[in-house]
Amino acid sequence: MEVWMKELGLAMNLHELGATEEMLHGIANGTIIMEGGYKVLNHDEVLEILKNSL
């Protein structure tokens with residue numbers, strides 16, 4: 001699926017979208033954390049996911 005998505009020209013990570021590590025706190029702060037699902041994430045967990053997505 002990843003090959004197909006790349007063929008379509010889709011970004012595969014935040015870096016390809018132009019995001020930098022300096023932007024991650026702002027992105028995490030703008031993230032709406034909702035109840036429900038398998039696990040409710042906290043701000044630090046969201047930030048860690050964003051860092052891993054660079």
Side-chain angles (χ1 to χ4, degrees):
M1 182 174 279
E2 185 175 339
V3 171
W4 176 70
M5 291 173 74
K6 286 181 180 180
E7 288 175 2
L8 293 174
L10 300 174
M12 301 305 295
N13 56 51
L14 292 176
H15 177 75
E16 291 177 8
L17 289 173
T20 64
E21 190 159 353
E22 293 78 25
M23 296 174 168
L24 297 183
H25 282 282
I27 295 170
N29 289 339
T31 300
I32 298 171
I33 298 174
M34 299 178 66
E35 299 285 328
Y38 295 104
K39 179 178 183 344
V40 176
L41 301 174
N42 64 40
H43 181 270
D44 291 335
E45 292 168 323
V46 170
L47 187 56
E48 187 64 28
I49 291 168
L50 292 172
K51 286 180 181 178
N52 290 328
S53 297
L54 278 178

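Since this is a predicted model, take the numbers as computed values, not measurements.
- The side-chain contact (heavy atoms from CB on, under 4.5 Å) check on E7 picks up V3, W4, with sequence neighbours excluded.
- Listed by chain and residue number, nothing satisfies the side-chain hydrogen bond (donor to acceptor under 3.5 Å, both in side chains) test with H15 (two or more places apart in sequence, or in another chain).
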Return a table of donor-acceptor pairs under 3.5 angstrom between the side chains of residues 19-27 and protein atoms on other chains or two or more places apart.
| unit_1 | atom_1 | unit_2 | atom_2 | d |
| --- | --- | --- | --- | --- |
| T20 | OG1 | E22 | OE1 | 3.2 |

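- Under the side-chain hydrogen bond (donor to acceptor under 3.5 Å, both in side chains) criterion, N29 pairs with H43, not counting sequence neighbours.
- Here K6 pairs with E2 under the side-chain hydrogen bond (donor to acceptor under 3.5 Å, both in side chains) rule; sequence neighbours left out.
- Residue pairs satisfying the side chain to side chain donor-acceptor pair (under 3.5 Å) criterion with at least one member in residues 30-39, sequence neighbours excluded, are listed as follows: K39-E45.
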Without placing hydrogens or testing angles, list every side-chain donor-acceptor pair under 3.5 Å for residues 46-54, not counting sequence neighbours.
| unit_1 | atom_1 | unit_2 | atom_2 | d |
| --- | --- | --- | --- | --- |
| N52 | ND2 | E48 | O | 3.3 |
| S53 | OG | I49 | O | 2.8 |

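- Connection of L41 to I32 is not established within any shared hydrophobic cluster, with ILVMFWY side chains joined at heavy-atom distances below 4.5 Å, either directly or through further cluster members.
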